[in-house]
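Data block below; observations after.
Note: hydrogens, waters and symmetry copies are ignored here, and every other heavy atom, side chains too, is used. By convention in this document, chain letters (A, B, ...) are assigned in the order of the sequence lines, proteins followed by strands, and residues within each chain are numbered from 1. Since the structure is predicted, the reported quantities are computational estimates derived from the model, not experimental observations.
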Number of protein chains: 2
Amino acid sequence: MTKMSDPTGRGAKRAGIRDVARLAGVAPMTVSRALSFPHLVSAETREKVAAAIAATGYIPNRVASSLSSNQTMTIGAVIPTLRNSIAADFAEGFNQVLRARGYHLLLGNSEFVPEDEEAIVVEFLSRRVDGIYLTGSTHTERTRKLLRDNAVPTVEIASLPEDPIDLAVGFSNFGAAYAVTKMFAEQGYRKVALFTTFTKDNERQVERQAGYHAAVHEFGLDDDPEGLVAELEMDLKAAARQLRLLLERRPDVEALFCTGDFIAAGALFEAQRLGLTVPQDLAIAGFEGLEIAENLNPSLTTVRIPRYEIGRKAGEMLLDRIARRPVETPVVDLGFEIIRRESTAATAGQPKVRAEAGERPAGTGG
Amino acid sequence: MTKMSDPTGRGAKRAGIRDVARLAGVAPMTVSRALSFPHLVSAETREKVAAAIAATGYIPNRVASSLSSNQTMTIGAVIPTLRNSIAADFAEGFNQVLRARGYHLLLGNSEFVPEDEEAIVVEFLSRRVDGIYLTGSTHTERTRKLLRDNAVPTVEIASLPEDPIDLAVGFSNFGAAYAVTKMFAEQGYRKVALFTTFTKDNERQVERQAGYHAAVHEFGLDDDPEGLVAELEMDLKAAARQLRLLLERRPDVEALFCTGDFIAAGALFEAQRLGLTVPQDLAIAGFEGLEIAENLNPSLTTVRIPRYEIGRKAGEMLLDRIARRPVETPVVDLGFEIIRRESTAATAGQPKVRAEAGERPAGTGG
DNA sequence: TTGTAGGCGTTATCAT
DNA sequence: ATGATAACGCCTACAA
């Protein structure tokens, strides 16, 4: 905080646009233009400005710029948690697209608590973000009202909400769970269990349960919500424990559908420790299409979600909205794909198959 | 953009501090104080202001606030990638601490490219972040100079740099790799292979290789950098492929140390597909202490890193720096712990052991 | 192509 | 306890 002015700005007050302008012999406005719209400035002036910037070590103050231009070039992103989560993959795809256009992400962790999400959204509005990215479609009423009243471009990720706040990109969680359960039914399994993560404040899990139940009813599978269905943390150890409990309750269970690949992996490992052979003694299917699924022994049948595509598409749509370009469809379904692998290859006694075939039903089905 | 003023702010120009002040019958400054320093305002006034805020739907403009107060309450965080990465865990712990103090994270993905990191840091400086969080200690010279010249509080995560930019929290990557290799040596293994991820612009991997080599020399293990060492992506499939190549080059290999649990898992699965028994035919150790390690069959020996603690400690130190509180030690070593499990339980012919014992050497060792 | 004037919405500072 | 005034550093709008 010394008073002496040295050109590098070290130890002195940071160089401002006025300093640059003075040194370049032009008006501050010209410096601003040279930076933002170089084509509106003569080559000669541009060089003088560039030289002055280099000499002063000038770094434009974007907060002043934001205040003046009413644009922060910032998107607020609410992500439940970064760990073990495909939510992080969605965000990564989203970030790729936005970064390329000069936007940065402001991060907020909601830990799946809508009230925390609401507080984060208020904070984002206070920071005047240009857009908002929300994971899932479970939000408080005030969150919805705030976003709509303030007309902030918003995109919801991973679900297909019937009443979107603004934009949404995702896939049918109902449809995917229905399709997996149907696959089991068609393979001849009658006793199909379901492991999901907690459904509280997580509409994706709710819809997956609904999809499972719909198929159970439609195909006349064993309908035993108490015995065959369990909710647990996204955690391998919890999956192992729940598998033991399941086998106690229903030793006759034939197949297990887990709405997460790590849960499926945990169940698979525990099944093997218990001496069961997968899929002969118990068939297992996962969800998410993580890399680990195809590397397990046996390889894991799963539902592949176009994770990065969803994030990227969301980024493109939000950019359109911000630029006030027309948005064709506010809710976009990017589908899913069932990847059949060894873990569900056979009903008891049938030969193993190694297939990467898929089906691609879309539709909301919610 | 209508001109009519309605109290909800819907469709009209957003309410500002002046609107609130007018409605409450006080000066704007008083509203500001009521919000920032409630104790400096009379209870009566506070209530009038609160009522006016509710009536107008006023949301303070933090960008104006930032410009005026020269504080953005924002930390810029450079994270190489969110996916499959303990870097995300560090960041999550860090974020917890900062969020509690009102700070938010601005995110930048460097993808392990120092030049990209530099561009992100410039952008952060332009946005006048109050502090910066960097993953690792591989940075361009300009990044260092920029940060030091601008005197921005900075913390480097995961390494123990000899020449820190400012603050750093991590553990000895050298020491951990050395300790694992030593463990193998003490168990009687002579032919120990190493899989790391790419060392280019990643000093953590470089140090892990160095730690391995130091132990190889010290304990007289088979020293064959060409044959026993490989660099690969953090990817199970790549690990499987590299294991096959390794077994072709060195069919006599006895143990494999992978500097990532997913790499270890990929190698383990492939070994099993090849009919090898772990640890009898090949012992395997991982790194990171991920949840999956203890659930594999056999359970995986690994190095547990205090991931969240590192993030939290980094957050606390950065907050101290920002508040200009004295920082006792600028570089903090939070250690590591070797978790011995079944995958390294025995040399050929020895009985299996199931142990959760650990050792906890600290020290830099770089 | 370049410059001038004024304001963006707060808060620091000094008064009262 | 409250208020008036002047920045904060840039950009919009308009003028030359």
Side-chain angles (χ1 to χ4, degrees), chain A residues 1 9 12-49 52-53 56-74 102 123 125-130 150, chain B residues 1 9 12-50 52-53 56-74 102 125-130 150:
Chain A
M1 289 291 181
K13 190 163 174 291
R14 196 166 226 153
I17 201 170
R18 296 147 171 275
D19 303 290
V20 176
R22 200 175 309 128
L23 215 159
V26 298
M29 195 53 235
T30 302
V31 175
S32 174
R33 263 195 289 258
L35 253 24
S36 304
F37 309 98
H39 59 283
L40 294 182
V41 168
S42 73
E44 190 190 9
T45 304
R46 232 181 294 148
E47 278 167 33
K48 280 190 300 187
V49 170
I53 287 176
T56 53
Y58 171 65
I59 300 180
N61 185 332
R62 280 218 190 237
V63 1
S65 157
S66 292
L67 179 61
S68 184
S69 69
N70 209 28
Q71 276 204 135
T72 54
M73 299 303 282
T74 302
E123 174 70 24
L125 292 177
S126 193
R127 287 165 179 262
R128 300 297 191 262
V129 297
D130 294 335
N150 287 281
Chain B
M1 288 292 183
K13 190 164 173 292
R14 190 167 229 154
I17 201 169
R18 293 149 172 276
D19 304 289
V20 176
R22 198 175 309 125
L23 216 161
V26 298
M29 195 55 235
T30 302
V31 175
S32 173
R33 261 196 291 260
L35 252 24
S36 304
F37 309 98
H39 59 283
L40 295 182
V41 168
S42 74
E44 190 191 7
T45 304
R46 233 181 294 148
E47 278 167 32
K48 281 190 298 185
V49 170
I53 288 176
T56 52
Y58 170 64
I59 299 180
N61 185 333
R62 280 214 190 240
V63 1
S65 159
S66 291
L67 179 61
S68 184
S69 69
N70 207 28
Q71 276 205 135
T72 54
M73 299 305 281
T74 302
L125 292 177
S126 193
R127 288 164 178 261
R128 300 296 190 262
V129 297
D130 295 335
N150 286 281

Taking 4.0 angstrom as the limit, do B:Lys48 and B:Glu44 come out as a salt bridge? no

Got a second to check how far B:Asp19's CG is from B:Tyr58's OH, nearest 0.5 Å? 9.5 Å

How long is the span from the CZ atom in A:Arg62 to the OG atom in A:Ser69, to the nearest 0.5 Å? 9.0 Å

C:dG3 base / A:Arg33 side chain donor-acceptor hit below 3.5 Å: yes

Kindly indicate whether the side chain of A:Ser68 and the base of D:dG9 share any N or O donor-acceptor pair separated by less than 3.5 Å? no

Evaluate A:Arg128 against A:Asn70 for side-chain hydrogen bond (donor to acceptor under 3.5 Å, both in side chains), listing each step before the verdict. CA-CA 8 Å; A:Arg128 300 297 191 262; A:Asn70 209 28; 5.8 Å; no

Output the rounded distance in Å from [atom1] ([X]) to [atom2] ([N]).
X	N	atom1	atom2	answer
A:Asn70	D:dC11	CG	P	13 Å
A:Leu40	C:dG3	CG	P	14 Å
A:Lys48	C:dT2	NZ	C1'	11 Å
B:Ile17	C:dA12	CD1	C1'	13 Å
A:Tyr58	D:dG9	OH	P	10 Å
A:Arg18	D:dA7	CZ	P	10 Å
B:Arg127	D:dC10	CZ	C1'	15 Å
A:His39	C:dT1	NE2	P	9 Å

Does B:Ser65 place a side-chain N or O at less than 4.0 Å from the phosphate oxygens OP1/OP2 of C:dT11?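 Yes, because at least one side-chain N or O of B:Ser65 sits under 4.0 Å from OP1 or OP2 of C:dT11.
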
Within the structure, does a side-chain N or O atom of B:Ser32 lie under 4.0 Å from either OP1 or OP2 of C:dT10? no

Regarding B:Ser65 and B:Ser68, is there a side-chain donor-to-acceptor distance under 3.5 Å anywhere? no

Under a 3.5 Å cutoff, is there a donor and acceptor pairing between the side chains of B:Asn61 and A:Arg127?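 Short answer, no.
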
Picking from [options], which would you name as closest to the side chain of [X]?
X	options	result
B:Met29	D:dC10, C:dA12, C:dG3	C:dA12
A:Ser42	C:dT1, D:dA1, C:dT10	C:dT1
B:Leu67	C:dA12, C:dT4, D:dC8	D:dC8
B:Ala27	D:dC10, D:dT12, D:dG3	D:dG3

Select base, sugar-phosphate, or nothing to describe what [X] touches, counting heavy atoms under 4.0 Å on all strands.
X	value
B:Ala64	base
A:Val63	nothing
B:Phe37	nothing
A:Thr45	sugar-phosphate

Whichever of B:Val26 and B:Arg128 has its nearest DNA chain D nucleotide further upstream toward 5': B:Val26

